[in-house]
Amino acid sequence: MKTVLITGSSRGIGLGLVKEYVKNGYKVVATCRDPETASDLKSTLAETNQPSAIALDVASDDSIFKAAEEVSKIVDSIDILINNAGVAAKNHPNDPAIGVDREDALRVYSTNVIGPLKVTEAFLPLLRKGNEKKVVNISSFLGSLGCACPELGSFTTYSGSKAALNMVTRYQAFELNDCIIASVEPGWVDTDMGNAGGKVKPPLTMLDCAPKLVNTIEGLKREDSSFYFSLEGEKMQF
Ligand code: NDP
């Protein structure tokens, strides 16, 4: 049985991935900031005999390394690590370049960029014991340098963090060349972040997204390491 570890599993894409991987017969190590209050996650895991969720705040190194210790007590290895947890700027989708809030931007970069770096570092020993040795950083089309979507809003902090994450993916892949490490963008999905708190209507539901995302992750091969892929598995321009 393959094992997948997912960050930010309490809701949205993370929770959708948990449900899809459970359906596909994986052992799922779900992590989130506060397992006690993540009721949908809690019932999904209990009903399917999966391990209980582990507390993991990707913006705290203490929390990350403590979680890695906890996880090593319940599994011997991890095949796929999905760095999904992410946040948008507080003014998303109205975050122009002039007037960025430094504190808020640091929160976004700490979560979206440093989070995946430190989570990968902490779980590397378990990943190296797995057969697949795959790390997926959930990126965004808003992080593509060629993406100009002013009609959708302004995303200075968030887009910058996802562009930085794509570069982090490259460096992780160069350094950890026994692993397959790629960025994948999930499409525009109707989640709390995707619908910007109910202000807009994204075209994809989690039911559209989850099977495709799992399929694209499944298809990632050694030669794909360091690159950036769409929901459908096509190589994207950085
Ligand atoms: P949601 O806002 O619906 O969910 C975000 C998840 O991340 C929640 O589970 C949240 O946990 C968790 N999270 C936030 N901060 C932390 C933290 N410090 N530590 C651990 N978990 C944390 O967003 P989505 O599900 O839409 O987004 C998931 C990923 O997909 C993100 O990386 C996002 O950037 C990316 N993405 C989303 C798109 C979309 O259209 N929805 C498009 C492109 C990319 P909690 O419940 O504790 O707040």
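Atoms within each ligand, like the ligands themselves, are counted from 1 in listed order. Heavy-atom basis, side chains included; hydrogens, waters and symmetry copies ignored.
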Using a heavy-atom cut-off of under 4.0 Å, does the side chain or the backbone of [X] touch ligand 1, or both, or neither?
| X | result |
| --- | --- |
| L56 | backbone |
| V58 | both |
| S139 | backbone |

Looking at [X], which atoms of ligand 1 are within less than 4.0 Å of one of its heavy atoms?
| X | answer |
| --- | --- |
| D192 | 3 (O) |
| A59 | 18 (N) |
| D57 | 17 (C), 18 (N), 19 (N) |
| G86 | 5 (C), 7 (O), 14 (C), 31 (C), 32 (O) |

*Kindly confirm or rule out a cation-pi arrangement of R170 over F227, judged by NZ or CZ under 6.0 Å from the six-membered ring centre and within 45° of its axis?*
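Judged by the rule, R170 and F227 form a cation-pi pair.
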*asked:* Please tell me whether D34 and S10 have a donor and an acceptor in their side chains that are separated by less than 3.5 angstrom.
replied: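 No, because no side-chain N or O of D34 sits under 3.5 Å from a partner of the opposite role on S10.
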Tell me, please: is [X] in heavy-atom contact with ligand 1, that is, under 4.0 Å?
| X | value |
| --- | --- |
| T7 | no |
| G16 | no |
| I138 | yes |
| P202 | no |

Please confirm whether the backbone N or O of [Y] pairs with a side-chain atom of [X], one donor and one acceptor, at under 3.5 Å?
| X | Y | result |
| --- | --- | --- |
| K133 | D178 | no |
| Q50 | Y26 | yes |
| S110 | R107 | no |
| T111 | A59 | no |

*Return yes or no for this condition: an N or O of G8 is under 3.5 Å from an N or O of ligand 1.*
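Min N/O separation from ligand 1 is below 3.5 Å for G8.
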*Would you indicate which of W188, F141, Y158 comes nearest to atom 34 (O) of ligand 1 when only heavy atoms are counted?*
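Result: the heavy atom closest to atom 34 (O) of ligand 1 is in Y158.
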*Which one of T48, N24, D40 satisfies the side chain to side chain donor-acceptor pair (under 3.5 Å) criterion with K19?*
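Between K19 and the candidates, side chain to side chain donor-acceptor pair (under 3.5 Å) is satisfied uniquely by D40.
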*For I54, which of K66, E70, E69 qualifies under side chain to side chain contact (heavy atoms under 4.5 Å, CB included)?*
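The residue from K66, E70, E69 that satisfies side chain to side chain contact (heavy atoms under 4.5 Å, CB included) with I54 turns out to be E70.
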